[in-house]
Novice: 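What follows is a single structure, and I will ask about it in a moment.
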Amino acid sequence: CTNTCGSLCVAPKMPSGYVPPHVKRRHERAANEVSTSRSPRSSSQYALTTSNPVTFDECMKTLTRAEKMSKQHNKRSEAVALFEQAVTGLRNLARSGNAGDEVRVALADTLLQVARETTLAVRFLPLRESTRFEERATADRAVALCEEAFTLYEQVKRDDLERSNGIATALSAVVEYAAETRGYAFTRDALSRATAEYDAIARLLESDANTQGDMLPALWNAADARLKYAENAIELADFDAAKHSYAEMIAIYEKACGFADASQGDDLGGLLYDWGCSVTSFAQCMLKLDAHEDAMRVIVVAIEKLKSASSFSLGAIEPLNALGDAYQTKAEIFMARGDDNSACESFKLAMSEGFDRALRSNASNLDGNIGIGEASMELGRLCLKYNDIDGSKSSFERAWASYQKAMANTEADPGGCEERFSVVYNAACAANRAGFVDASKELLSMLIICNGTTREAINSDVDLQ
């Protein structure tokens, strides 16, 4: 990545696309991975126009082109330009004075898409000194776009359900982009309103026998809102609120399962996947509170849900990576209890039952490679603790190899710069432990230039001695 002076600070073989596993975002990243086998489109098919669309139909056609283009990694900037053109056209229509709900909803939906696409576009830029500033500026704009969408959804008159769902969706998007720029106290208020809207939708649907078929997604959204609220409360150190929200979340998932029917096409595998990821988050909360027995009880449930999710979603990679995460959490609980032998077995299960299986389906999968890197580093440290030099060497070498593959990934959502810095730093630790000292020093030097770490942090890290 070029800094303001024009010098390079990009590590070899890591142009973009590295982010550590995080249970609540896995399904979002998976939706954005681009198949390398997709045939290239004709450039003329996606040629940009020089003028903004004028009529509603023209706006919709521009949106369709933008959505198709956004699925191609190398067309992302062109897609953003088309989305912006659609926004301009729809805003002009909305300001005409006689715009109806159709225009308002289309504009609101498009604003949320622009927020997402511009955020992704910045994430795919190489790391550089200005990365944090660029991401913060983009996040501020994304929040403004989502708040504009929220206002538009509030004006919808034709359909109470559409209005409430739009409001909740916009607020959830605000939370996603505002956490680092406006703080967790701000996002907590937005999450409270989003949760109330999702609950209102569920009550509205449940009261009408003709709409109970839509209860599954309504409850699913309500449960996910509780997860986000709980994780937000943890950031604010309000653990009582977090535990209460997690308990509500689990109850809602149990209720939602009663409305799921795989024979009717319901995504039971997806429901179990999100359920399992959410319960893993709950277990991690309990671990932070040193409630080891509760954490173990909860993580066992998470593993059960994720095993079921993988069986319902044959061939899906994300449940396998999430299962790896759950086993890693279980290993951390064992370590907190002083049971290193059981921790070692759980780290091995994280790889064999989770990440390795995911990588057999896609050897370049981002989360799978980072998961292997994390678990291998932990195993290497445990081997060192018990003077198993050969075991530690093998584990550290595998960790370094996996991190290299992760850093070479240019297709998946790379995450924010803090996540990317973290992976590069962990890769440097793995390289140093595996004996590739020069590679480690190069990565760390580049991180320092990009403001991704400090010399003090490096000097105090035992993995970098």
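By convention here, the first residue in the shown sequence is residue 1.
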Novice: Mind checking side chain to side chain contact (heavy atoms under 4.5 Å, CB included) for Ala260 and listing every partner two or more places apart, or none if nothing turns up?
Specialist: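 Ala260 satisfies side chain to side chain contact (heavy atoms under 4.5 Å, CB included) with Leu216, Leu268, Leu271 once adjacent residues are dropped.
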Novice: Indicate whether any N or O donor in one side chain lies under 3.5 Å from an N or O acceptor in the other, for Gln72 and Glu78.
Specialist: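 On atom types as modelled, these side chains do not qualify, holding no pair under 3.5 Å.
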Novice: Are the side chain of Ser245 and the backbone of Ala241 linked by a donor-acceptor contact shorter than 3.5 Å?
Specialist: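 Flag not set: sc Ser245 to bb Ala241 has no pair under 3.5 Å.
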Novice: Kindly write out the residues that satisfy side-chain hydrogen bond (donor to acceptor under 3.5 Å, both in side chains) with Ser172, not counting sequence neighbours, or none if the list is empty.
Specialist: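 With sequence neighbours excluded, Ser172 shows a side-chain hydrogen bond (donor to acceptor under 3.5 Å, both in side chains) to no residue whatsoever.
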Novice: Scan residues 92-115 for pairs that pass salt bridge (charged side-chain N to carboxylate O under 4.0 Å, His left out), counting only residues two or more places apart or in two chains.
Specialist: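 Listed once each, the pairs are Asp101-Arg104.
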Novice: Between the side chains of Lys330 and Glu353, is the shortest nitrogen-to-carboxylate-oxygen separation below 4.0 Å, so that they form an ion pair?
Specialist: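 Salt bridge flag = no for Lys330 with Glu353.
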Novice: Going by the rule salt bridge (charged side-chain N to carboxylate O under 4.0 Å, His left out), which residues pair with Asp160 if we only count those two or more places apart in sequence or in a different chain?
Specialist: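 If we apply the salt bridge (charged side-chain N to carboxylate O under 4.0 Å, His left out) test to Asp160, skipping adjacent residues, the hits are Arg163.
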Novice: Between Ser311 (side chain only) and Ser308 (backbone N and O only), is there a donor and an acceptor less than 3.5 Å apart?
Specialist: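 It does hold such a pair.
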Novice: Which heavy atom of Gly368 sits nearest a heavy atom of Phe355, and at what distance?
Specialist: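 Heavy atoms only, the tightest pair is O-CB, 3.7 Å.
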Novice: Could you check whether any side-chain N or O of Asp413 sits under 3.5 Å from a backbone N or O of Leu120, counting only pairs where one atom can act as donor and the other as acceptor?
Specialist: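 No.
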Novice: Taking Ser376 for the side chain and Gly373 for the main chain, is one N or O donor matched with an acceptor at less than 3.5 Å?
Specialist: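 Not confirmed, Ser376 side chain does not pair with Gly373 backbone.
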Novice: Return a table of donor-acceptor pairs under 3.5 angstrom between the side chains of residues 133-140 and protein atoms on other chains or two or more places apart.
Specialist:
from   : atom 1 : to     : atom 2 : distance (Å)
Glu134 : OE1    : Arg128 : NE     : 3.1
Glu134 : OE1    : Arg128 : NH2    : 3.3
Glu134 : OE2    : Arg128 : NE     : 3.2
Glu134 : OE2    : Arg128 : NH2    : 3.1
Glu134 : OE2    : Ser130 : OG     : 3.0
Glu135 : OE1    : Cys417 : N      : 2.9
Glu135 : OE2    : Cys417 : N      : 3.1
Thr138 : OG1    : Glu134 : O      : 2.9

Novice: Is there a donor-acceptor contact under 3.5 Å linking the side chains of Thr187 and Asn232?
Specialist: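 Per modelled atom types, Thr187 and Asn232 side chains form a pair under 3.5 Å.
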Novice: Show every salt bridge (charged side-chain N to carboxylate O under 4.0 Å, His left out) that has at least one partner inside residues 192-204, sequence neighbours left out.
Specialist: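 Checked against salt bridge (charged side-chain N to carboxylate O under 4.0 Å, His left out) - neighbours excluded - the pairs reaching residues 192-204 are Glu154-Arg193, Arg193-Glu197, Asp199-Arg226.
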Novice: Looking at Asn365, is its backbone amide N or carbonyl O close enough to the side chain of Asn369 to form a donor-acceptor pair, meaning the two atoms are under 3.5 Å apart?
Specialist: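 Pair found, side chain donor or acceptor close to backbone of Asn365.
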Novice: Answer yes or no: are there more than 12 heavy-atom neighbours, outside Phe312 itself, under 6.0 Å from its atom CZ?
Specialist: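 12 or below, so no.
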Novice: In chain order, what residues pass the side-chain hydrogen bond (donor to acceptor under 3.5 Å, both in side chains) check against Asn165, with sequence neighbours excluded?
Specialist: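 Partners of Asn165 under the side-chain hydrogen bond (donor to acceptor under 3.5 Å, both in side chains) test: none.
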Novice: For the pair Thr88 (side chain) and Glu84 (backbone), establish whether a donor and an acceptor sit closer than 3.5 Å, ignoring hydrogens and angles.
Specialist: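 Indeed, once roles are kept as given, a pair shorter than 3.5 Å links the two residues.
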Novice: Find the distance between CD (Gln113) and CG (Leu111) and round it off to the nearest 0.5 Å.
Specialist: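 With rounding to 0.5 Å, CD (Gln113) is 9.5 Å from CG (Leu111).
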Novice: Not counting sequence neighbours, which residues clear side chain to side chain contact (heavy atoms under 4.5 Å, CB included) with Ala115? List them please.
Specialist: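 Ala115 satisfies side chain to side chain contact (heavy atoms under 4.5 Å, CB included) with Ala142, Leu145, Cys146, Tyr177 only.
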Novice: I'd like to check the salt bridge (charged side-chain N to carboxylate O under 4.0 Å, His left out) partners of Glu378; sequence neighbours left out, ordered by chain and number.
Specialist: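 For Glu378 the salt bridge (charged side-chain N to carboxylate O under 4.0 Å, His left out) partners, ignoring immediate neighbours, are Arg381.
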Novice: Identify whether the distance between the nearest side-chain nitrogen and carboxylate oxygen of Asp224 and Lys228 falls below 4.0 Å.
Specialist: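 A salt bridge links Asp224 with Lys228.
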Novice: Return the set of residues passing salt bridge (charged side-chain N to carboxylate O under 4.0 Å, His left out) with Asp261 (not counting sequence neighbours), or none when no residue passes.
Specialist: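 Partners of Asp261 by the salt bridge (charged side-chain N to carboxylate O under 4.0 Å, His left out) criterion come out as none, since no residue qualifies.
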Novice: Who pairs with Arg158 by salt bridge (charged side-chain N to carboxylate O under 4.0 Å, His left out), at least two apart in sequence or on another chain?
Specialist: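 Scan of Arg158 (salt bridge (charged side-chain N to carboxylate O under 4.0 Å, His left out), adjacent residues dropped) gives Glu162.
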Novice: Please list all pairs meeting ring-ring contact (aromatic ring centres under 6.0 Å, His included) that have one or both residues in residues 232-255, counting only residues at least two apart or in different chains.
Specialist: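 Those involving residues 232-255 are Tyr246-Phe282, Tyr253-Trp275.
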Novice: Looking only at heavy atoms, what is the nearest atom pair of Ala242 and Ile234, with distance?
Specialist: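 Reported closest heavy-atom pair: CB-CG1, 3.8 Å.
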Novice: Looking only at atom types and distance, does a side-chain atom of Arg420 sit under 3.5 Å from a main-chain N or O of Arg123, one as donor and one as acceptor?
Specialist: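 Yes; at least one donor-acceptor contact below 3.5 Å.
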